[in-house]
Structures are given as structure tokens and as C-alpha cells.
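Dumping the structure here so I can ask a few things about it.
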Amino acid sequence: MRAPVCAALLLWLLSDAASRQFSEEDMAAVRQRIKSMFYHAYNSYLDNAFPYDELRPLTCDGHDTWGSFSLTLIDALDTLLVLGNRTEFQRVASLLQDTVDFDIDVNASVFETNIRVVGGLLSAHLLSGRGGMDLEPGWPCSGPLLRMAEDAARKLLPAFQTPTGMPYGTINLLYGVSPTETPVTCTAGVGTFILEFATLSRLTGDPTFENAARRAMSALWRTRSDIGLVGNHVDIVTQKWVAQDAGIGAGVDSYFEYLVKGAIMLQDQDLLNMFHAYDRAIQNYTRFDDWYLWVQMHKGTVTMPVFQSLEAFWPGLQSLLGNLDGAVRTFQNYYSVWRQFGGLPEFYSIPQGYTVDKREGYPLRPELIESAMYLFRATGDHTYLQLGLDALESIERITRTPCGYASVKDLRDHQLDNRMESFFLAETIKYLYLLFDPAHFLHGGGREGDGSWEEGGEGGQCVLGAGGFIFNTEAHPLDPAALYCCSRHTQDRQELQDILLSLSQPGERADSQSQQAEGPPPNRSDSIVLKPGEKKTAPPLSCPVQPFSARLAILGQVFTDNT
């Protein structure tokens, strides 16, 4: 292992980075550079690749990759609003409604369609108010982008119809799961749905999506090994582990991410307990000197002493849980690799201190920049801004072409590959911009006139955007407040419906009347006055107190016209 070399490089890096403090003018200048990067790539896609999924930046044309639904445009939609371009956000949102059709004979990745398409449409829907779009009555509980997201998600639901509830990896959007489809799916492909599917269920009132995601996550939990680890690939029919390498990188990463973020967004202690149990096993068996290796899931013995670029999300996830010391040390290890190559290779051999054969590429991934954003928010340390600036310089110097930004085929000599994945605009650019914009509304801030919250729901009773945003694994921000807003309305309507139904049943009405006969009549004026030591009985519905200008009252519960 080249530990002394890496240690010396790290000490130099930190001392050099820590010497600079960024002023607001400095950060504003960097933000302008990031915007220029975005529009160079975005305009190149529109001019040369639309309506294909992705741009090929070396040949200046397009190709379909994940499903033939203009994927880059869907993925980049909320980034437009993050950068402040409301006009283009409105134009593209309308364009997608007119051009995208999910009733197509295409085999699509269930995982990728969920995080990129469903997640992208949900995020754009929830940001529509800030984007200046015309909103339907009751938004965010209704809207055209929400219906598109629901349509796309329903195309994925047949993949979950398995004996275990764990989904197939691929589905035909028109015909469903092929009879010849393999039952082997990666762990992340099973456990990365709760954010999008729970959002859909709570916005629309249909529990089908959230139930499917929870069943899949529970099935994974039950298949963990005796030492508390999960492998890389599982047979979703037999629940047998096909690949038994356990780690935090490719094939597993976003499962752990969604346990934490799902717990935060849904205030779900069970999901958090699952993650903590996994984390104890991860720390015990896979962590070595603040690196995370791959081990055999049943024995804990090392199988691959490598760092994968997808693991760079981990320090950011640690910061969400308050483990800043571990997050900072692990981030420093990962950034030493970036400095060595000008990017993160897909695989990096920790003992050899070099790339792994046939895994030398860097496809413009965002994970290290994502962690830098979280750590800067948590610490305020300008070291992370310097690291972000270094990343920007690397991407500009190595990957920029006349027609966008190209993936790096080999970081050893900076050969380029003819592909610009949609996540470059959805994640890499977005996280880089947000790193240098600590006052952005997605961080809970907002400049004069922006506002950090807005009204929503039926009659505008809900406050949206005030509780922060949760990013899905494709960096699409979701607003937890919208989920509670819509689910509260749905619950209230259901409770009202149940009460009205019970009043229409003669037997239940008679029981209610007999119970009332035992006490004072409900219409007596003193029935609302509590005697000493007496406790008030909770009303059938948990609505806020309403003024007495209501038109309807049931069992003492008052309803206004807009309830």
C-alpha cells in the first residue's frame, strides 16, 4: 500500500485548501461558471440529441439508453429551477407533457426508471409552485406532472408481483415482465423505491406504491446474514444470494441511503433501526482505516480490498446522522484519490494505491461532490468549497468537448468516451451549484423575494418547503411537507366518509343514540363546559378548531365550506 505517499498528499491538500476563505463574491463567481457548464451541456443536448435519452458528446448526436423518453430532459428539469431559470422550466414541463409517452414497447430498468423518471417528475411537480406554473386546485395533491409520475410508476408495479415482493430488474413498459426475465437483481434494485413510491402514495392517496416499496425492503431485511450483512445480488424468487460480496458501493449503495432518507422523510423509526443494525455490521466487518472494503456476507472475510467511486456518497450520509468525525476522515481518503487522477476511477485498489484493470473510467459521477455539499452544510469549513472548485477545474479541463462533457474512459491518460449520462445534469452540476449556494431555498434559505416556504393543499392550508428537502439518489429534491399535507387531507376525507357512513347505518345510529341518552343531551348549552377534574373527550376528527361560520357539524365536529 502506498500509505506514506497518500498521507503526504493528503496533508498537503488539506493545508493548501484550508488556507483559502471564499467570500460571497467568490462563490457567486463560481456559481456563474457552473451555470455556464450546465448550459453548454444542456444546449448541446437540445441541439443535437433531443428527443433521444442522452447526448453523445464526441459525435454530437443522441441515442436511447434507459427507455426512449427524453431522459436527459426529465432528469435536468428540476436543475433548471435550481439554477433560477423559471422560463425554461415552464417550457420544458409543458413540452414533456406533450411528447413523453410511457405506453411504448421498450425494456426499461425498473431501478433507473424509478430514480430518474419517477423521481424527476415528482420533484418537478413539487417545485411547480416556485417555477411559476399554473397550479391546479389542491396542488401539490394533484397536477399534470404528478399524473405523469404516477403513470410511469404504474408501469413498474408488475415487476413487484413476485413471491417475495422483491422486484425484477427489467420490465417492458407495454407488456410487463418477460417470461424469460432473470430473477437475479442487485440489492439496490430491490431497496431503492421508498422515497419515490411513498411520495406518490401520499400525494395521490393510493397506498399501492408505498406498500410495494415497503414489502421489498422488508424482504431484503429478512434475508440478511447471521452477522447482519446483505450481499450484492439476490434471486428475488428464491431469496438466495447469488453474489455474496457485502459493502457500501455499487449494487448496494442506495439501499442504505433510502433507509436513512426514508426514515427522515417519513419519520419512520423502523427504517432507521434497520440502518443502524446494518451500520453496526458495516463498521465491524468492512471498515479498515476509514476505508470500506468488500467482505463475504456470511463470514466477514475480505473479498475485494477496493474503493468504488459510488461509495463516495457515504460521508454525506454519515453527516445526515451526525457522524461528522468518521465522515470527514473517510471523505479525505476519497478525495486523495480524486487528486491523484483528476476524478474518481470506478474501482481503486487500496493496497496498490492505483486503478483496477478495466475499471479506470470516470463517467462524471456526482457522489464526492454530493458529500462535499453535505459536509460544508454541516461544518461550514471552506475546505469543501476548495475541493468543489478543484472538481470543477478537473471536469472543465479533462472532459469538456465542443458538444458537451464526455465521460472519461481511462483516468490514467484521460481518454474520453462518447457518452454524457443524464445524471451529469441532474446530479453533478446540481450538487456543485448547491455547494456554492448555501442560501439556496433547497437548503432552507432564500434570498429576498424568493421566500423559503409557500402555501399548498386544499384552500392553501398547508405550508410547503419550510421543513427542508430530501434528495433522492438521483438528486431530485422531495418536500416532506407536501406528503403530510396531502395525506392529512386524504385521512380527513376518509374519516368524514366513515362517519357519514356510520350515521347512515340504523344499528350504529341507535347505539349512538343510546350512548347519548346515558349522558347529558349533546345540544345542551352546558355540555361544552368541563366540570372540575373532568377530561374532554377527543372529537371523531382531528381537524383544527374552526370558526362558527360553518355550514355543517357532525357529532360536535365543525366543518367549513373548504374542509
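What's counted below: heavy atoms across the whole structure, side chains too, no hydrogens, waters or symmetry copies.
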Check each of Tyr278, Phe313, Tyr292 against Phe256 using the ring-ring contact (aromatic ring centres under 6.0 Å, His included) test, and report the only one that passes.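 That would be Tyr278.
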
Sequence neighbours left out, what passes side chain to side chain contact (heavy atoms under 4.5 Å, CB included) with Arg154? Give chain and number order.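 Scan of Arg154 (side chain to side chain contact (heavy atoms under 4.5 Å, CB included), adjacent residues dropped) gives Glu150, Leu157, Asp206, Phe209.
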
Mind checking whether His440 and His443 have parallel, tilted or perpendicular rings, split at 30° and 60°?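 Judged by the thresholds at 30° and 60°, the geometry between His440 and His443 is perpendicular.
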
Please examine the side chains of Arg86 and Leu81, heavy atoms only from C-beta on, and report whether any two atoms are closer than 4.5 Å.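 In contact.
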
Among residues at least two apart in sequence or on other chains, which ones pass salt bridge (charged side-chain N to carboxylate O under 4.0 Å, His left out) with Asp268?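 Here the qualifying residues are Arg214.
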
Once you measure the plane-to-plane angle for Tyr39 and Tyr42, does it fall in the parallel (<30°), tilted (30-60°) or perpendicular (>60°) bin?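 Because their plane-to-plane angle is over 60°, the rings of Tyr39 and Tyr42 count as perpendicular.
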
Just to verify, what does Tyr45 make a ring-ring contact (aromatic ring centres under 6.0 Å, His included) with, not counting sequence neighbours?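 For Tyr45, no residue satisfies ring-ring contact (aromatic ring centres under 6.0 Å, His included) once neighbours in sequence are set aside.
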
Donor-acceptor pair, Thr162 side chain versus Met166 backbone, under 3.5 Å?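 Yes; judged by distance alone, with no hydrogens or angles, the pair exists.
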
Can you give me every donor-acceptor pair (side chain of residues 241-253, partner residue at least two apart or in another chain, under 3.5 Å) with its distance?
unit_1 : atom_1 : unit_2 : atom_2 : d
Trp241 : NE1    : Thr223 : O      : 2.9
Gln244 : OE1    : Gln296 : NE2    : 2.6
Asp245 : OD1    : Thr303 : OG1    : 2.9

With sequence neighbours left out, which residue pairs that include part of residues 153-172 fulfil the ring-ring contact (aromatic ring centres under 6.0 Å, His included) condition?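 Qualifying pairs: Phe160-Phe193, Phe160-Phe197.
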
Would you please test Phe471 and Tyr431 for ring pair (Phe, Tyr, Trp, His ring centres under 6.0 Å) and show each step? CA-CA 10 Å; Phe471 292 91; Tyr431 282 134; 5.6 Å; yes

Fit a plane to each ring of Trp314 and Phe275, take the angle between them on a 0 to 90° scale, and name the class: parallel (under 30°), tilted (30 to 60°) or perpendicular (over 60°).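 If you compare the ring of Trp314 with that of Phe275, the planes turn out tilted.
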
Cys pair Cys485/Cys462: SG distance under 2.5 Å?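 Yes, Cys485 links to Cys462 through a disulfide.
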
Could you list the residues that satisfy side chain to side chain contact (heavy atoms under 4.5 Å, CB included) with His63, not counting sequence neighbours?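 Residues passing side chain to side chain contact (heavy atoms under 4.5 Å, CB included) with His63: Glu54, Arg56, Thr65, Arg419.
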
Should the heavy atoms of other residues, nucleotides or ligands under 6.0 Å from CG of Asp134 be counted, would the total exceed 12?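 It does not: Asp134 CG has 12 such atoms or fewer within range.
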
